[in-house]
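Since we're looking at a predicted model, the values are computed, not measured. We number each residue from 1, following the sequence as shown.
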Amino acid sequence: MLLDEARALIEGLLGALPGRSGRLLRRLYYRRRFAACGPVLSIGEHGEIACPANIRLGDRIYIDRGIVLRACEGGSIAIGDDFGANGNVRIIADCGGRIEIGSKVIIGPNTVIRASDHAMDRTDIPIKDQGHAAGTVSIGDGVWIAANVVVLRGARIGEHAVIGAGSVVTGEIPAYAVAAGVPARVIRQRQSVPAGPG
């Protein structure tokens, strides 16, 4: 109990430190706490990282301010190399959920990715007392998720897909697709553009 409170105090103080020195100290601290982490890690201030022993990160991870990474109560998060998340992104895999994110993925601000949500099948007891239903979220290599997107339990986003701003992803988005809307639907496929002269 006392150890948990001391750790929370240290993490709170570390989280508030601005600038390069704050990013350096957070890198030194969290690289020892994550299950795995490459040498290049940059975490902005005012974030929340819960149960880091259940989180595996690749190399060249750049996370802006206000991040939430949670993998408590049997959850897990795995993120590949060359990952970038803008401000206030929430990646939550609590209660047995699993989130797998490939390499070279970029995520816009205020995006929420959740691998579990409230169970709600029973009507004889309040939803808050029914526990959680866990699942998996899978995001392939090279995906771009724009701002204010919500990705829910069971979503699968294929490699190099693009998810438009404000979308809600609940199912499968194929590789190289551009999807948008609530719920997100494929609006076109990305195409190769021939290289110009030179």
Side-chain angles (χ1 to χ4, degrees), residues 1-103 105-119 127-139 145 147-153 155:
M1 180 98 163
L2 190 57
L3 180 61
D4 291 338
E5 289 181 13
R7 185 173 287 153
L9 177 63
I10 291 168
E11 291 172 0
L13 292 171
L14 276 176
L17 294 173
R20 289 184 182 181
S21 58
R23 286 181 180 267
L24 172 63
L25 291 171
R26 283 186 289 277
R27 179 175 76 225
L28 294 172
Y29 177 79
Y30 281 110
R31 280 191 60 211
R32 296 176 178 269
R33 305 268 343 269
F34 287 124
C37 182
V40 179
L41 172 66
S42 178
I43 302 172
E45 63 265 30
H46 303 300
E48 175 196 347
I49 298 173
C51 304
N54 299 328
I55 299 172
R56 304 179 71 80
L57 302 178
D59 196 13
R60 297 174 303 280
I61 304 295
Y62 299 94
I63 297 169
D64 209 340
R65 61 185 296 134
I67 187 75
V68 174
L69 289 174
R70 293 184 54 89
C72 298
E73 300 178 49
S76 69
I77 296 171
I79 299 174
D81 298 333
D82 298 305
F83 173 80
N86 229 304
N88 301 314
V89 168
R90 275 125 173 81
I91 301 173
I92 302 170
D94 289 341
C95 304
R98 195 169 80 222
I99 295 174
E100 300 167 351
I101 300 174
S103 295
V105 171
I106 53 176
I107 300 178
N110 307 312
T111 288
V112 175
I113 301 170
R114 286 195 59 111
S116 63
D117 51 32
H118 291 282
I127 291 171
K128 75 175 190 66
D129 295 331
Q130 294 186 43
H132 290 81
T136 299
V137 171
S138 175
I139 299 171
I145 298 175
N148 301 305
V149 170
V150 177
V151 180
L152 297 174
R153 172 174 61 102

Hey, is the main chain of [Y] close enough, under 3.5 Å, to the side chain of [X] for a donor-acceptor pair?
X    : Y    : answer
S103 : D81  : yes
N86  : I107 : no
R26  : E11  : no
R33  : P52  : no

Which heavy atom of [X] sits nearest a heavy atom of [Y], and at what distance?
X    : Y    : result
V137 : A115 : CG2-CA, 4.0 Å
E100 : R98  : OE2-NE, 2.8 Å
R65  : E45  : NH1-OE2, 3.0 Å
V89  : G108 : CG2-O, 3.3 Å
G87  : D64  : N-CB, 3.5 Å
I67  : A85  : CD1-CB, 4.4 Å

*Under 2.5 Å between the SG atoms of C72 and C95?*
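Their SG atoms do not fall under 2.5 Å; no disulfide, then.
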What's the separation between atom [atom1] in [X] and atom [atom2] in [Y], rounded to the nearest 0.5 Å?
X    : Y    : atom1 : atom2 : value
I77  : I55  : CD1   : CD1   : 4.5 Å
L14  : R7   : CG    : CZ    : 12.0 Å
L69  : I61  : CG    : CD1   : 9.5 Å
Y62  : D82  : OH    : CG    : 8.0 Å
N148 : T111 : CG    : OG1   : 6.5 Å

*Would you please name every residue forming a salt bridge (Lys or Arg N to Asp or Glu O under 4.0 Å) with D117, sequence neighbours left out?*
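In terms of salt bridge (Lys or Arg N to Asp or Glu O under 4.0 Å), with neighbours along the sequence ignored, D117 is linked to R153.
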*Report the C-alpha separation of I49 and I43 in whole Å, then their side-chain angles, then the decisive distance to 0.1 Å, and conclude whether the side chain to side chain contact (heavy atoms under 4.5 Å, CB included) test is met.*
CA-CA 10 Å; I49 298 173; I43 302 172; 3.8 Å; yes
Counting C-beta onward and ignoring hydrogens, is there a side-chain heavy-atom pair between [X] and [Y] closer than 4.5 Å?
X    : Y    : value
L41  : R31  : yes
I91  : I101 : yes
R70  : E48  : yes
L17  : L13  : no
I113 : I139 : yes

*asked:* If the condition is side-chain hydrogen bond (donor to acceptor under 3.5 Å, both in side chains), which residues does R27 pass it with, not counting sequence neighbours?
replied: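 Result, side-chain hydrogen bond (donor to acceptor under 3.5 Å, both in side chains) vs R27: none returned.
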*Can you name the ring-ring contact (aromatic ring centres under 6.0 Å, His included) partners of Y30, sequence neighbours left out?*
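In terms of ring-ring contact (aromatic ring centres under 6.0 Å, His included), with neighbours along the sequence ignored, Y30 is linked to F34.
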